[in-house]
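Here the structure is laid out as structure tokens; the discussion comes afterwards.
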Amino acid sequence: MAHQAWSVVGVLLVTVVTLAVGSLGMRRSHTLGDFYVASRSVTPRWNAAAVSGEYLSAASFLGIAGLLLTYGFDMLWYPVGYTAGYLILLALVAAPLRRSGAYTVPDFAQIRLGSVAVRRTASVLVVLIGWLYLVPQLQGAALTLSAQTGAPGWAGGLLVCIVVLINVAIGGMRSITFAQAVQYWMKLTALLVPAVVLGAVWHARHDRLPEAADGWLQPLGSGLEHPLYATLSLIVAICLGTMGLPHVLVRFYTNPDGREARRTALIVIGLLSVFYQLPTVFGVLGRRYLPELAGGRLADATVLLLPERMLPGLPGQLLGGLVTAGAFAAFLSTASGLTVSVAGVLAQDAGARHSRTSRINRFRGSALVSIALPYALSLTGARLGLAAVVGLAFALAASTFCPLLVLGIWWRGLTDVGALVGLLTGGLIAGSAVLITLVGPGRHGWPGVLLSQPAAWVVPLVFAVMIGGSLLTRSRIPPDVSRVLIRLHAPESMAADLPSLDRSAR
Amino acid sequence: MTARVRITHPRTTAARSVPVRPPAREIDELTALGELYLASLMRSQRRAAFAGCAGTIGLLLAVAVATAEFSSWGHVTVLGIALPWILVGIAVYPVLGGIGFLAVRLAERNERAFAALMHQR
């Protein structure tokens with residue numbers, strides 16, 4: 001009973017802090033630009049903390065420790081991939097995307113290719129990826145609240161939906177920028193303090209590490225099929241998928257210029273590196289003290305249950321309340337970011353020209369749709385771990401937006417037909433693989449592995465299709481391609497002399 | 001008596017003839033020369049970007065294959081922790097940060113070179 005009280009306090013505290021920080025931004029949120037991207041005036045350190053706060057989702061906070069507990073060494077690649085994805089993003093797309101001046105990937109598609117068809121296809125993909133990513137956040141919330149307070153399964157997700165919608169309604173993106181920067185530090189503290197305490201307890205007891213005999217400690221010892229292929233394909237999906245995540249991209253438009261966008265990405269890599277040391281501690285200690293969770297539905301609750309298992313009594317309860325609060329910070333921040341991005345795309349593409357007020361109202365209405373549908377899906381129950389579902393969202397993003405962005409920025413030969421055929425190929429193949437993995441009959445051997453880790457073969461295929469399709473339709477290279485590419489690559493110090501690209505800024 | 005006036009040859013400015021058309025205009029109007037400037041900027045930035053990616057992917061592949069192939073590494077321990085865990089769990093991160101730092105520096109250097117090219121002549 002007592003541990004429930006502390007968890008309830010933790011969840012309430014995070015909720016109140018999130019709403020309070022959000023409402024601070026309210027007074028300054030006046031224009032549509034504020035709503036979408038905080039008027040692009042956020043400094044790199046705030047922005048980097050906000051990017052990290054938004055990015056560290058249920059998968060990072062709960063999922064990695066659960067996977068480590070179940071499968072061991074190979075799962076260390078999840079956090080490495082999440083971090084390396086930012087490095088790829090920094091190197092390939094951060095500055096040019098910021099300079100393109102677009103709000104979303106569909107905007108970028110239209111600026112670069114001038115095609116409404118590509119724009120619409122990209123919009124559908126943003127919504128699909130966003131929903132696929134939102135479902136595990138809401139399931140994580142449900143799991144956390146019922147494991148820690150005994151609340152019914154529908155309550156956790158509903159609480160997250162309500163807080164996110166209130167926050168979006170009062171302030172849009174600016175409020176979320178500050179809320180999320182704060183949430184990075186909340187999440188770090190919520191894992192760091194228990195990790196240090198529990199590590200010290202383990203050390204003081206002169207306890208041993210988990211048994212090495214079962215291969216759990218060994219590379220490729222997860223017991224899954226074709227572990228080397230699965231590991232490599234996962235790395236590809238996460239590294240290349242990061243740049244295509246809707247909530248990550250929109251966040252980079254809040255940098256003042258392209259140079260700051262790169263620097264923000266570099267700070268993010270540092271912040272993530274610090275955070276990702278912690279799930280490993282929980283996974284390893286979890287294997288030692290909570291071995292019965294391995295492979296079960298509660299594996300994702302490892303981080304939540306470990307403090308009380310190792311430290312019965314008040315200290316364990318307090319630490320349990322702290323990690324519960326941190327977990328809620330994770331669900332709230334990621335769900336907010338995804339909701340804003342999906343709502344932005346829905347509002348922009350569903351809406352024609354309207355007055356400013358009605359467009360903001362449309363944005364609020366879209367936010368409701370954006371989170372209500374994933375909430376309904378999250379109630380249907382899951383067979384895969386949180387981090388595994390999020391991995392599928394990365395695979396879908398890597399199979400569609402990564403080729404579009406990389407070729408659009410670095411190759412002048414890309415045409416609208418090539419991009420469209422590529423997006424459809426990647427979306428259909430990776431989308432079907434995701435669907436079969438999530439709801440289809442369980443498959444074994446190579447078919448199962450290729451479907452559950454599709455990135456390694458789908459991403460090269462989509463690159464080939466986009467390049468081939470563009471080469472076959474060379475006459476359709478946009479006439480203004482040089483003008484657009486200059487805008488993407490020239491430093492802002494020169495940009496005053498250059499023509500603006502607001503063709504799509506409707 | 002009037003102050004002495006030194007008369008010198010303005011070598012530095014003489015070497016740079018005043019441009020009839022400023023380079024930024026070449027780009028703006030997309031002349032053949034402007035296309036050339038753009039192509040050279042994109043080439044240098046593409047090289048920097050792909051070098052950063054190659055470094056990242058090369059590092060991860062090398063570590064993945066090394067830890068998978070040399071299973072005997074699993075028995076080597078540092079401070080009681082198996083070597084593969086140290087490599088993938090800890091050591092990879094600072095190297096990723098280092099690659100990121102170099103990528104930012106290289107890209108900014110290319111941009112400064114391009115800006116200098118635009119402002120000289």
Side-chain angles (χ1 to χ4, degrees), chain A residues 73-74 76-77 79-81 83-88 90-96 209 212 217-221 227-228 231-232 235-236 239 258-259 262-263 265-266 268-270 272-274 276-277 280 284 406 409-412 480 482-483 485-486 488-491 493-494 496-499, chain B residues 22-25 27-28 30 34-35 37-39 41-42 45-46 48-57 59-61 63-71 73-75 80-82 84-85 87-90 92-94 96-97 99-101 103-104 106-108 110-112 114-115 118-119:
Chain A
F73 177 85
D74 285 357
L76 286 177
W77 286 105
V80 170
T83 312
Y86 266 94
L87 190 44
I88 302 285
L90 181 162
L92 282 177
V93 303
L209 283 170
L217 276 173
Q218 297 294 326
L220 309 186
L228 186 59
T231 302
L232 294 179
I235 294 174
V236 169
C239 280
R259 193 163 154 268
R262 269 194 219 108
R263 296 185 166 200
L266 187 58
V268 169
I269 292 173
L272 294 181
S273 300
V274 172
Y276 280 134
Q277 304 302 311
T280 312
V284 172
V406 170
I409 290 171
W410 297 107
W411 186 47
R412 57 184 303 148
D480 62 348
S482 295
R483 202 171 287 277
L485 287 176
I486 288 164
L488 295 186
H489 293 286
S493 56
M494 330 232 2
D497 310 327
L498 302 176
Chain B
R25 195 136 136 263
I27 279 194
D28 195 6
L30 292 177
E35 293 272 358
Y37 285 136
L38 170 65
L41 173 69
M42 271 183 73
Q45 291 293 52
R46 195 186 293 131
F50 287 2
C53 291
T56 311
I57 292 171
L59 171 76
L60 297 189
L61 280 184
V63 175
V65 172
T67 52
E69 288 302 310
F70 302 102
S71 50
W73 286 20
H75 305 297
I81 305 173
W85 283 75
L87 281 179
V88 182
I90 302 168
V92 161
Y93 292 95
L96 289 176
I99 296 175
F101 179 75
V104 169
L106 198 55
E108 290 188 355
N110 289 338
E111 281 171 4
R112 273 197 302 275
F114 177 72
M118 293 293 98
H119 291 123

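Throughout, a chain's letter reflects where its sequence line sits, starting with A, and its residues are numbered from 1. All values reported here derive from a predicted model rather than from experimental measurement. The figures here come from the full heavy-atom set of this structure, side chains too, leaving out hydrogens, waters and symmetry mates.
Distance CD1/Ile486(A) to CE/Met42(B): 10.5 Å, rounded to 0.5 Å.
With sequence neighbours excluded, the residues satisfying side chain to side chain contact (heavy atoms under 4.5 Å, CB included) with Thr280(A) are Leu68(A), Leu76(A), Val284(A), Trp85(B).
The shortest side-chain heavy-atom distance between Pro96(A) and His489(A) falls under the 4.5 Å cut-off. Residues Val92(B) and Leu60(B) are in side-chain contact: their nearest non-hydrogen atoms beyond the backbone lie under 4.5 Å apart.
With a 4.5 angstrom heavy-atom cutoff, Leu41(B) touches chain A only via side-chain atoms. Of the two parts of Pro79(A), the backbone and the side chain both hold a non-hydrogen atom closer than 4.5 Å to a non-hydrogen atom of chain B.
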Test log, rule side chain to side chain contact (heavy atoms under 4.5 Å, CB included), inputs Ser273(A) and Leu96(B): CA-CA 9 Å; Ser273(A) 300; Leu96(B) 289 176; 5.9 Å; no
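Chosen from Pro94(B), Ala51(B), Cys53(B), Gly97(B), the residue pairing most often with chain A at heavy-atom distances under 4.5 Å is Cys53(B). Of the listed residues Gly55(B), Gly52(B), Gly100(B), Ala103(B), the one with more heavy-atom pairs under 4.5 angstrom with chain A than any other is Gly100(B). When each of Gln45(B), Arg112(B), Glu108(B) is checked for heavy-atom pairs under 4.5 Å with chain A, Glu108(B) comes out on top. Chain A forms the most heavy-atom pairs under 4.5 Å with one residue out of Leu59(B), Val63(B), Leu61(B), Ile57(B), and that residue is Val63(B).
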